[in-house]
Amino acid sequence: MTESTFQLENTYCNLPGVFFSKLSPTPVSSPEILLFNQKLAEEIGLDLSVLSEEERTQLLSGNLVPEGIEYFAQAYAGHQFGNFTMLGDGRALMLGEHLAPSGQRLDLQFKGSGRTPYSRGGDGRAALGPMLREYLISEAMHALGIPTTRSLAVVATGESVYRESELPGAILTRTAGSHIRVGTFEFASLHEDKAITQALLNYLIDRHFPEIREEENKALSVLQAVIDQQIDLITHWMRVGFIHGVMNTDNMALSGETIDYGPCAFMDIFSPDTVFSSIDHKGRYAYANQPYIAQWNLARLAESLLPLMDGERENAIEMAEDALNAFEDIYKNKWLSMMGSKLGLHRVDQKDEALVTELLDWMHQQKADYTNTFRDLSKPELPSESAYTTESFQAWHTRWQDRLGKEVQDWDSSVTLMDSVNPAVIPRNHKVEEALQAGEEGDLSPFHNLLKALANP
Ligand code: AMP
Ligand code: MG
């Protein structure tokens with residue numbers, strides 16, 4: 001395969017050498033393409049149809065690196081559950097950047113393609129189950145209108161990986177606006193030379209915040225822009241009941257996309273302290289904690305940027321603190337307006353907060369399903385479930401109806417608003433597990449059925 005059939009750039013490699021290591025994937029014995037996202041390929045103008053099935057398999061398994069293209073692993077650091085660690089792509093590899101017809105520059109990345117200089121003790125590989133999971137959930141998130149990395153393909157390697165047990169191995173190919181993380185800035189700032197962080201900042205601005213190019217204090221402007229961007233993202237998560245599960249700083253992407261689907265899940269019964277990760281004993285990454293953790297992570301970004309904000313450290317700290325302190329109000333307003341839209345309110349003000357929190361408290365007490373409750377509210381008639389006949393719910397419902405009566409728009413337009421933000425279909429855990437298990441046993445039909453249902457939430 002020549003370069004002309006597959007064109008990728010690697011502008012990332014113009015950064016100082018500390019940020020990456022060039023290397024090739026470790027070949028696998030008998031690759032087989034299990035999933036290929038043709039729709040995504042078309043959307044981003046990635047035409048692999050010129051390749052034979054065999055060539056495509058070799059390409060997406062990492063066995064064949066197109067002529068003239070150099071793959072690379074990215075260096076980064078990060079706070080994992082609050083503790084600082086040196087990390088990097090230990091089992092991922094960047095193929096390069098693909099230019100979509102829209103003009104967007106997209107990273108193409110393998111996950112599970114073998115060891116890299118950043119693998120530490122790991123084998124550099126991925127098991128099929130988790131890669132199917134990332135494919136399914138990331139595509140579901142996209143359909144829910146939430147910024148996310150996307151999944152292009154899953155290839156079975158024909159080799160086993162060893163975790164608690166022996167599992168089938170796989171390689172995921174994903175696309176992303178970029179893979180620059182809060183942890184990439186943490187890594188940059190470890191170097192004495194502040195030109196290293198400056199280079200990364202300039203690159204980030206070119207790629208994601210071109211409007212900041214002319215700003216006087218670029219580092220501060222970027223911090224403020226990333227704060228807004230992450231608030232938007234977390235507000236989406238809260239809207240659909242998504243729990244990321246591992247909000248370490250290395251899993252916070254400055255493209256504003258949801259990245260790295262590990263022990264993530266959607267909440268069924270509404271409970272603010274819901275956690276799915278088996279290692280998150282203290283509930284650090286619980287549903288209701290996500291905005292606080294986002295703010296904590298952004299403080300780590302701010303620390304990395306301090307030397308670029310002002311020559312006087314005191315001044316820089318003050319600027320960063322002001323920016324970070326604004327988080328709470330911005331988030332609160334965005335959250336309230338989002339929750340208001342879930343209740344059919346086009347315009348929300350502070351007085352509406354009680355209406356929202358009272359419903360959430362009621363749902364918590366009643367162990368009501370988060371997704372279904374909001375869908376029920378927009379139905380012409382509430383289902384005859386006993387929870388809705390309770391006095392407490394009826395009282396809330398009357399207050400809600402009174403409030404809706406004060407809207408300028410009519411009920412129909414409230415219903416349209418509600419149905420546009422309240423999904424009817426989410427990737428419920430038991431369905432996901434069923435589909436993954438069947439997939440691991442060689443039957444992908446439940447996976448395809450679920451994927452199809454999730455495409456129209
Ligand atoms: P993740 O939990 O996927 O966000 O990964 C956290 C860090 O651990 C990243 O630096 C990964 O590259 C690394 N890592 C995870 N699994 C492996 C593995 N099997 N081999 C090498 N590195 C890994
Ligand atoms: Mg990660």
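Counting starts at 1 for both ligands and their atoms, in listed order. Position 1 is the first residue of the sequence, and the numbers go up from there. As the structure is a computational prediction, the values presented were derived from the model and not from experiment.
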Self-check item: Charged tip of K342 within 45° of F374 ring normal and under 6.0 Å
Solution: yes

Quiz item: To the nearest 0.1 Å, how far is atom 16 (N) of ligand 1 from its closest protein heavy atom, and which atom is that?
Solution: R91 NE, 3.2 Å

Quiz item: Hey, is D123 touching ligand 1 through its side chain, its backbone, both or neither, going by heavy atoms under 4.0 Å?
Solution: both

Quiz item: Please state which protein non-hydrogen atom is closest to atom 21 (C) of ligand 1 and give its distance, to 0.1 Å?
Solution: G90 O, 3.2 Å

Practice problem: Using a distance threshold of 4.0 Å (strictly less than), state whether atom 8 (O) of ligand 1 has a protein heavy-atom neighbour. | Solution: yes

Quiz prompt | Protein contact of atom 13 (C) of ligand 1 - nearest heavy atom, named by residue and atom, plus distance | solution = R120 NH2, 3.7 Å

Practice problem: Would you indicate which of G245, G88, G124 comes nearest to atom 20 (N) of ligand 1 when only heavy atoms are counted? | Solution: G124

Quiz item: Could an N or O of ligand 1 be found under 3.5 Å from any N or O of Y118, whether backbone or side chain?
Solution: no

Practice problem: With R181 as reference, evaluate D260, N297, L254, L87 under the side chain to side chain contact (heavy atoms under 4.5 Å, CB included) test and give the passing residue. | Solution: D260

Quiz item: Between D123 and R115, is there a salt bridge with N-O shorter than 4.0 Å?
Solution: no

Quiz prompt | For atom 1 (P) of ligand 1, the protein heavy atom that lies nearest, with its residue and separation | solution = D260 OD2, 4.1 Å

Quiz item: Does Q290 reach the main-chain N or O of H244 with its side chain, forming a donor-acceptor pair under 3.5 Å?
Solution: yes

Quiz prompt | Residue G122 vicinity, atoms of ligand 1 by number, heavy atom under 4.0 Å | solution = 20 (N), 21 (C)

Self-check item: Side-chain ion pair, K218 and E215, N-O less than 4.0 Å
Solution: no

Quiz item: When you measure from atom 6 (C) of ligand 1 to every protein heavy atom, which one gives the shortest distance, and what is it?
Solution: Q80 NE2, 3.8 Å

Practice problem: Enumerate the atoms of ligand 1 whose separation from the nearest heavy atom of R125 is less than 4.0 angstrom. | Solution: 19 (N)

Quiz item: So is there a nitrogen or oxygen of D89 less than 3.5 Å from a nitrogen or oxygen in ligand 1?
Solution: no

Quiz item: At a 4.0 Å threshold, what atoms of ligand 1 neighbour a non-hydrogen atom of Y76?
Solution: 9 (C), 10 (O)

Quiz item: Charged N to carboxylate O below 4.0 Å: is that the case for D369 and R428?
Solution: yes

Quiz prompt | Passing candidate, ring pair (Phe, Tyr, Trp, His ring centres under 6.0 Å) with H79, options F187, F84, F185 | solution = F84

Quiz item: Do any nitrogen or oxygen atoms of K111 lie less than 3.5 angstrom from nitrogen or oxygen atoms of ligand 1?
Solution: no

Quiz item: About how large, to 10 degrees, is the angle OD2 of D260, then the Mg ion (ligand 2), then OD1 of N251?
Solution: 90°

Self-check item: Separation between NZ of K39 and CG of L152, rounded to the nearest 0.5 Å
Solution: 14.0 Å

Quiz item: Do Y370 and F266 have ring centroids that are under 6.0 Å from one another?
Solution: no

Quiz item: Going by atom types only, do T11 and Y203 share a side-chain donor-acceptor pair under 3.5 Å?
Solution: yes

Exercise. Heavy-atom contacts with N251 under 4.0 Å: which atoms of ligand 1 show up? List them by number with element.
Key: 4 (O)

Quiz item: Is any N or O atom of L87, backbone or side chain, closer than 3.5 Å to an N or O atom of ligand 1?
Solution: no

Practice problem: Determine whether the side chain, the backbone, both or neither of R163 has a heavy atom under 4.0 Å from any heavy atom of ligand 1. | Solution: side chain

Quiz prompt | pair P117-L23: side-chain heavy atoms closer than 4.5 Å | solution = yes

